[in-house]
Enquirer: 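Here it is, the structure, as structure tokens.
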Amino acid sequence: MKRCLVLGALIGIGSLSMLVAGFQAPPAGPTPAALAATKIERIKDNLYIITGSGVANTNAFSGGNTAVFITNAGVVVIDTKLPGWGPTILQRIKTVTDKPVTTIINTHTHADHTGSNEAFGTLVDSVVQENTKANMARMDEFKGDKAKFLPKRTFKDRFTMFNGKDEIDLYYFGRGHTNGDTFVVFPGIKTMHVGDMFAWKALPYIDAGNGGSVIEQPQTLAKAIATLNKYVDTVINGHIPISSMKDLKEYADFTQDFADYARNAVNAGKTVDQAAAEYKVPSRFKGYATGGNPDFGNAKDNLQIAYDELKK
Ligand SMILES: [Zn+2]
């Protein structure tokens, strides 16, 4: 479970013990390398991202990509990085607007996407998918007195906030990375933040402890694409720079290919170890890796989860 929460932080780190230690004692403050890597960049019009996901360099890791959407009423922040990053997020926002942060949306429960929610206080509005709120309530960051920082509002399948060019549409299409991943759509500028439903171009990290599913993820992505294709061209990812709807389609295809591989391996009577050793990324997925790290999102972890699901 603890492994799951720091997933992002783990990319590129070889030592699990370092990671678990890192989770138990979060960095006291941003490292100089992470601060340097955390920049605010305009995506379109009034939408920015604060980067610094640092996939290739854990020393520069601050958490997932944060989106900053400036509406008439105030600033909407999507994902708040690891604990300790609130002041930096606010400082970066100040360089592009004087408006206050009025709303937080978290794409899902993990601490590298929700860790600095508390820095925005208890007056800010906050929205997540209902399963994500339940997952967050089990995290140390939101226990006891800190429960006051849990999201105020939830939705099940669909939720619209604001209107006109400020409209934001939240969608839930089913299980994948967890059981509560939101697609945050800005229809006025044909852009969406998909969090870790497309974190990187590699096998996903699936958090089975928070309801994630290797087998259902491809169907969830297919539903998202079918519904949102006409509204979106630009995609903000969990942990890589922005991509396109075309990239998301390729990723969905990649996850379907892997789910099919797992099903065939089960049917052929292969062990998880055998199937993992034999897995190769099909050559049509250019630039894809089996996983960002030997300990996370690798073929063996994904196959074990798929086997558990298929054998139920
Ligand atoms: Zn995540």
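Order of appearance sets the numbers: ligands from 1, and atoms from 1 within every ligand. Residue indices begin at 1 and follow the sequence shown.
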Enquirer: Under 2.8 Å from the Zn ion (ligand 1), can any N, O or S atom of Asp196 be found?
Expert: yes
Enquirer: Is His177 close enough that one of its N/O/S atoms sits under 2.8 Å from the Zn ion (ligand 1)?
Expert: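 Checking His177: at least one N, O or S atom is under 2.8 Å.
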Enquirer: Taking the six-membered ring for Trp, are His113 and His239 closer than 6.0 Å centroid to centroid?
Expert: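 Yes, close enough.
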Enquirer: Restricting to N, O or S, what is the name of the atom of His108 that lies nearest the Zn ion (ligand 1)?
Expert: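 Of all N, O or S atoms in His108, the Zn ion (ligand 1) lies closest to NE2.
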Enquirer: For the side-chain contact (heavy atoms from CB on, under 4.5 Å) test, which of Tyr288, Tyr205, Tyr251 pairs with Trp200?
Expert: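 So the option named by the test is Tyr205.
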Enquirer: Within a 6.0 Å radius of atom CG on Asp98, are there more than 12 heavy atoms belonging to other residues, nucleotides or ligands?
Expert: no
Enquirer: Counting only heavy atoms from other residues, nucleotides and ligands, does the tally under 6.0 Å from NZ of Lys99 exceed 12?
Expert: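 Buried by this count: over 12 neighbours within 6.0 Å.
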Enquirer: So, of the N/O/S atoms that His110 has, which is the nearest one to the Zn ion (ligand 1)?
Expert: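 It is ND1, the N, O or S atom of His110 closest to the Zn ion (ligand 1).
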